[in-house]
Protein chains: 2
Amino acid sequence: MSVSYEHPRPALTVDCVVFGLDEADLKVLLIRRELDPFRGRWALPGGFVRVEEALDDAARRELAEETGLSGVFLEQLYTFGALGRDPRERVVSVAYYALVKLGDHRVKAATDAREAAWFAVDDTPALAFDHDEILAVALERLKGKVRYRPIGFELLPPKFTLSQLQRLYEAILERPLDKRNFRKKALGTGLLVELDEVEQDVAHRAARLYRFDRRKYERLEKDGFSFEI
Amino acid sequence: MSVSYEHPRPALTVDCVVFGLDEADLKVLLIRRELDPFRGRWALPGGFVRVEEALDDAARRELAEETGLSGVFLEQLYTFGALGRDPRERVVSVAYYALVKLGDHRVKAATDAREAAWFAVDDTPALAFDHDEILAVALERLKGKVRYRPIGFELLPPKFTLSQLQRLYEAILERPLDKRNFRKKALGTGLLVELDEVEQDVAHRAARLYRFDRRKYERLEKDGFSFEI
DNA sequence: TCAAAAGTGTTCTGGATACACCCATGT
DNA sequence: ACATGGGTGTATCCAGAACACTTTTGA
């Protein structure tokens, strides 16, 4: 199969920065490259966009193929198109970032045929291509977005404690938060539903579980809401 | 000249949403298409990315070629890649938005060989391709960004009055602002330099002129600043 | 009874908002 | 003199920040 064009075209790829939360650590999912260039180096999952495939679909497909993940929160990040970012030829990459509930997926990704592993975001090896830069931009975006959009919940299980939520925000923002103020503000949004359950199997007082009220958020979002942590 | 590839590739373009301020109105620069598809319809300036050209460079080149603009503030917006957004073939477009000091460029753009004109952003004709959507996203972005980055100054001449600045913010945010509070806040940033000049040729008390202190802003930006209007 | 984390209230401060009048200038 | 926009100060309110102790539970 071969096609020809009047003018040369850049190749188009998608790359995904997949974030997960492991206890109190923010992690990113990387895969080890099996082919040149950068064979053996860790990289972001990604690949070529097909000609009959929307960008978001390409990102989801690559994510599924390379890491087994599906049904995750996914949002476009930025498009990287510097000359020379791929040593073979001109490649423009539309980067996405994804947020996954890590509990479900931890093992799967690590035992896939393709070698994949979670790394603490501040302790990654030198990545292939310009993926270090992409990761940095994704972290910046996450840090900014989490302050005015309740996307953090995408990283938590459906039922969570306020302490888990606080640790999440602390991990993303990279600074400690005051417990009382945090709880006041989190509950003050009115977007947390108090459940009649507590966490299990802990060696201390069990914390109450909450869930995120997505419906309510979506309703608020319609008519000029405002969410902040 | 013809090239061939193993797999078909989407074509890659850039499109630019160029904003300018005309008195108190926010305007966008459009060009009339001379070719099919959408011949005769208004569209955003843009065109194909060359294979040896960075994305930003492509955006600047197209802007210069189609509108005569150069040296403007330009930032990547979002990449649009839905299927069918171009009726001919698969085209992915990296959209940019630009901010220009309209005074300098008003005539030039309108008298270029190619027909180009400024339209009030809330009174544009139906645009070619998905350019209505791109424009909407750009407006959203501008509205958000102007609140925490002093990019508004890119739309004003180097010397401006506080009333001009206020009208600019009112135009972008689409709501009136209190004069006293606005001045307090604007001056409170410490980023405005009071000049020993006043505006000329007005039929009332002449307002003092200010300039934006870009150096100071860049210094602040380095070590965790914070700018808000 | 001890360890470990859950849970809770108040004070203070600073920025956001709301609001109305006098001033300078050109016609 | 008058019309036009320039320029200024204060009171109120609310959200954010700072801060420490008691409670519950399992080991």
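Because only heavy atoms are used, hydrogens play no part in the values below, and waters and symmetry mates are left out as well, while side chains stay in. In what follows, chains carry the letters A, B, and so on, assigned in the order in which the sequence lines appear, proteins first and then strands, with residues in each chain numbered from 1.
- B:Val137 places a side-chain heavy atom less than 4.5 Å from the side chain of B:Leu77.
- Here the side chains of A:Pro125 and A:Leu30 are in contact, with some heavy-atom distance below 4.5 Å.
- With hydrogens and angles disregarded, no donor-acceptor distance shorter than 3.5 Å links the side chain of B:Arg60 to the backbone of B:Ser70.
- Put simply, CG on A:Asn181 is 13 Å from P on D:dA20, counting in whole angstrom units.
- B:Phe182 places its CZ atom 12 Å from the P atom of D:dG6, with the value rounded to the nearest Å.
- Pairs passing the ring-ring contact (aromatic ring centres under 6.0 Å, His included) check and including a residue from residues 123-144 of chain A, sequence neighbours excluded, read A:Phe38-A:Phe129, A:Phe129-A:His131.
- If you check residues 184-199 of chain A against DNA chain D, the residues with a heavy atom closer than 4.0 Å are A:Lys184, A:Lys185, listed by number.
- Judged by distance alone, the side chains of A:Glu75 and A:Tyr96 never bring a donor and an acceptor atom under 3.5 Å apart.
- Taking a cutoff of 4.0 Å between a charged side-chain nitrogen and a carboxylate oxygen, A:Arg208 and A:Glu197 do not qualify as a salt bridge.
- Taking the charged nitrogens against the carboxylate oxygens, B:Arg61 and B:Glu65 do have a contact shorter than 4.0 Å, which makes a salt bridge.
- The pair A:Glu154-A:Arg214 counts as a salt bridge, with a side-chain nitrogen and a carboxylate oxygen less than 4.0 angstrom apart.
- Shown for residues 167-180 of chain A: residues whose heavy atoms fall under 4.0 angstrom of DNA chain D, namely A:Asp178, A:Arg180.
- Of the residues in residues 157-166 of chain B, those placing a heavy atom less than 4.0 Å from an atom of DNA chain D are B:Ser163, in numerical order.
- In this structure, the side chains of B:Cys16 and B:Tyr97 stay at 4.5 Å or more apart for every pair of heavy atoms.
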Inset, instruction - Report, as a single string ordered 5' to 3', how protein heavy atoms within less than 4.0 Å touch nucleotides 22-27 of chain D: B base, S sugar-phosphate only, - not at all. - result: -BBBSS

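- For the pair B:Asp130 (side chain) and B:Arg85 (backbone), a donor-acceptor distance under 3.5 Å is absent.
- With a 4.5 Å cut-off on side-chain heavy atoms, B:Phe19 and B:Leu26 count as touching.
- Put simply, CZ on B:Arg183 is 18 Å from C1' on C:dA16, counting in whole angstrom units.
- Side-chain N or O atoms of B:Gln164 include one that pairs as donor or acceptor with a backbone N or O of B:Thr161 at under 3.5 Å.
- Note on residues 149-181 of chain A: pairs passing ring-ring contact (aromatic ring centres under 6.0 Å, His included), not counting sequence neighbours, are A:Phe153-A:Phe160, A:Phe153-A:Phe212, A:Tyr169-A:Phe182.
- Dashed line: the shortest gap from a side-chain N or O of B:Arg208 to OP1 or OP2 of D:dG7 is not under 4.0 Å.
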